[in-house]
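Shown next, in structure tokens, is the structure this report addresses.
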Amino acid sequence: MREAWLGRQRAGAALVASGATPVPFVSSARGPAPFSLVVDLAEDIGSKRWWLGAASLSLLTIALGWLAPGIEPLPSRQSEPLPSAVREQWRAGAIGALKSGSASGLRMAPGALVEPIASAPERARIDLRIVVGADGLGPALLRAGAALGDAARAASLAGPVPSGSPVQLALGRREGGRRAIERLGLRPAIDARLVIARADGVLVARRIPLEVDRRPLRLRGTAGGGIYWALRNAGASPATATEYLKALASEIDVGEIGPHDRFDLVFANRRSMDGQGKAGMLLYAAIDRQLGTDLQLVRWTAGGKPLWVNAATIGAERQDDKAMAWPVDAPITSRFGLRVHPILRFARMHRGMDFGARWGTPIHAAADGQVVKAGWAGGYGRQVRLAHGEGMATSYSHMSSMAVEPGSYVQRGQLIGYVGSSGLSTGPHLHYEVYRGGVAVDPLSVRFVTSRPIDPATVAAIKARVKQLTGA
């Protein structure tokens, strides 16, 4: 050991002599570790230092628990007294002092003094509100518990009652498992109320008339994003909105109605003084279009049948073209004059023109007029005949189907049917005839303007009807 120490001393002296900085000597022997309360309890488990750390942690935990504040209820002010109505409700439900009991007269919870009974007495009269089903008033009364005889008598006195009608019903004492009808009130119609009551043991009916406003109702607005829902939002019922669209569809394509187009309709309406209403048939359907022709359709009766007439154009003269329009878009296959019939095989006068159109091709009115015939016409098959005024008429034969009815009014170019091969025909085509004074003439020789195909008095009456409905 001494020799090692002397060697190290000589080496240090040599370093000093050479000018290098000497490195201090550090002993490798371990001394005692400094004292610390921070002990890693995961090391040296069971040693003296470990037990010292565990004891320190326990003391700190106890000190923290002793110094922490206590958990006590928060202070609050005294609650306000309950209102008298609430106290009565609480008393009736046995919430509160039992000595109060049912001082309010309301139903109370059972207490010790309650005596059970075998059965409760039945009420001498009960008041009900029932709704008539699809099977009528009688079965509805039976389902409510009415006696069979009284239900049959009440149903006979009331007559037909619409399904869904509400009924106010008062039943008396039970006899034989069912109750007698004391009083019954219902609304069989919007203009009357029916009361059925017992008088001298017999049910009798009394009808009470009600005042009803029968003036037609008018709705106007803008089509917006959808014409149907615009009508519904304006107050039209689903049936009225559908009828309006069907009326327009007879003249235009309702899918082309723009968002800024304005609708105008008038329909029959009944409204009672108590606010109940019932919509009737559509009387007037008009639309003011931004692009396209306007319509003013008014319900009219011609030939005993209802139809829609466009009051905006009826009776007006055409200034654009005095010639009759071509009835179908197809080439002429046979002209007016004498020819050999293709089926009968003998010479015969051909009193019209044939157009070689395909099956289902639309057929249009050649001029404004009124439909005087629309139906089967023997060898002509399905035929539509139009009267144009001043002794002029046209006919369209061998149709596959017809789009107009007798008595209706049509405009030049309006769809009246479709090409077919009905009747005495060798194939699909349109046989078109023109008459002057009841005599067939060559369609190519006719040029006329339909100034007033409808009686002027009828035109004036239609105009007056529109003015009456719209107030314009």
Side-chain angles (χ1 to χ4, degrees), residues 213-271 277-316 362 364-365 368-371 374 402-417 453-454 458-472:
D213 184 0
R214 301 179 182 274
R215 291 176 296 179
L217 188 62
R218 185 180 187 186
L219 300 178
R220 289 178 288 182
T222 305
I227 181 65
Y228 177 81
W229 291 112
L231 292 167
R232 298 284 286 114
N233 292 334
S237 66
T240 301
T242 302
E243 190 177 5
Y244 173 84
L245 294 177
K246 285 183 177 179
L248 294 189
S250 65
E251 298 284 342
I252 63 172
D253 183 358
V254 295
E256 297 178 355
I257 295 177
H260 300 293
D261 294 347
R262 296 188 59 81
F263 61 83
D264 188 359
L265 66 153
V266 179
F267 56 91
N269 186 62
R270 293 183 297 166
R271 187 174 183 85
K278 184 175 181 60
M281 70 170 61
L282 185 66
L283 304 175
Y284 177 74
I287 187 163
D288 183 4
R289 305 176 67 189
Q290 299 293 318
L291 299 175
T293 57
D294 298 340
L295 293 179
Q296 290 182 346
L297 302 179
V298 61
R299 185 181 292 274
W300 197 254
T301 301
K305 293 185 177 181
L307 52 96
W308 290 105
V309 178
N310 189 2
T313 58
I314 190 169
H364 305 278
D368 298 353
Q370 184 176 13
V371 180
M402 298 169 291
V404 292
E405 295 183 357
S408 60
Y409 299 101
V410 296
Q411 299 177 5
R412 186 179 65 179
Q414 181 176 333
L415 177 69
I416 60 174
I454 305 173
T458 303
V459 175
I462 293 173
K463 301 285 188 181
R465 178 60 172 164
V466 173
K467 184 176 181 179
Q468 176 189 6
L469 292 175
T470 62

Over all atoms of both residues, closest heavy-atom pair of A365 and Q411: CB-O, 3.6 Å
Selection residues 283-293 - residue pairs positive for side-chain hydrogen bond (donor to acceptor under 3.5 Å, both in side chains), sequence neighbours left out: none
Closest approach of S237 to T240 (non-hydrogen atoms, all atoms of both residues): OG-OG1, 3.0 Å
Distance (rounded to the nearest 0.5 Å) between W308 CH2 and E243 CD: 6.0 Å
Nearest heavy atoms of D264 and R220, plus distance in Å: OD1-CG, 3.2 Å
Pairwise side-chain contact, K278 with N269, heavy-atom cut-off 4.5 Å (strictly under): no
Worked verdict on D213 versus R270 for side-chain contact (heavy atoms from CB on, under 4.5 Å): CA-CA 6 Å; D213 184 0; R270 293 183 297 166; over 6 Å; no
I252 CD1 to D261 CG distance, which is reported to the nearest 0.5 Å: 8.0 Å
Separation of D294 CG from I287 CD1 (nearest 0.5 Å): 8.5 Å
Donor-acceptor contact below 3.5 Å, side chain Q370 vs main chain G407: yes
V298 vs L469 side-chain heavy atoms within contact, under 4.5 Å: yes
L282 backbone acceptor or donor facing R299 side chain under 3.5 Å: yes
Nearest non-hydrogen partners of L415 and P362, listed with the distance: CD1-CB, 3.7 Å
Interatomic spacing from CG in L219 to CG in L265 - rounded to 0.5 Å: 5.0 Å
T222 side, atom OG1; R262 side, atom CZ - distance, nearest 0.5 Å: 4.0 Å
Rounded distance (nearest 0.5 Å) linking atom CG of N233 with atom CH2 of W229: 8.0 Å
Close side-chain approach of E405 and V371, heavy atoms under 4.5 Å: no
Shortest non-hydrogen separation from F267 to G280 and the atoms involved: CB-O, 4.3 Å
Listed partners of R465 passing side-chain hydrogen bond (donor to acceptor under 3.5 Å, both in side chains), at least two apart: Q468
Shortest non-hydrogen separation from A223 to A230 and the atoms involved: O-CB, 3.3 Å
Close side-chain approach of T458 and W300, heavy atoms under 4.5 Å: yes
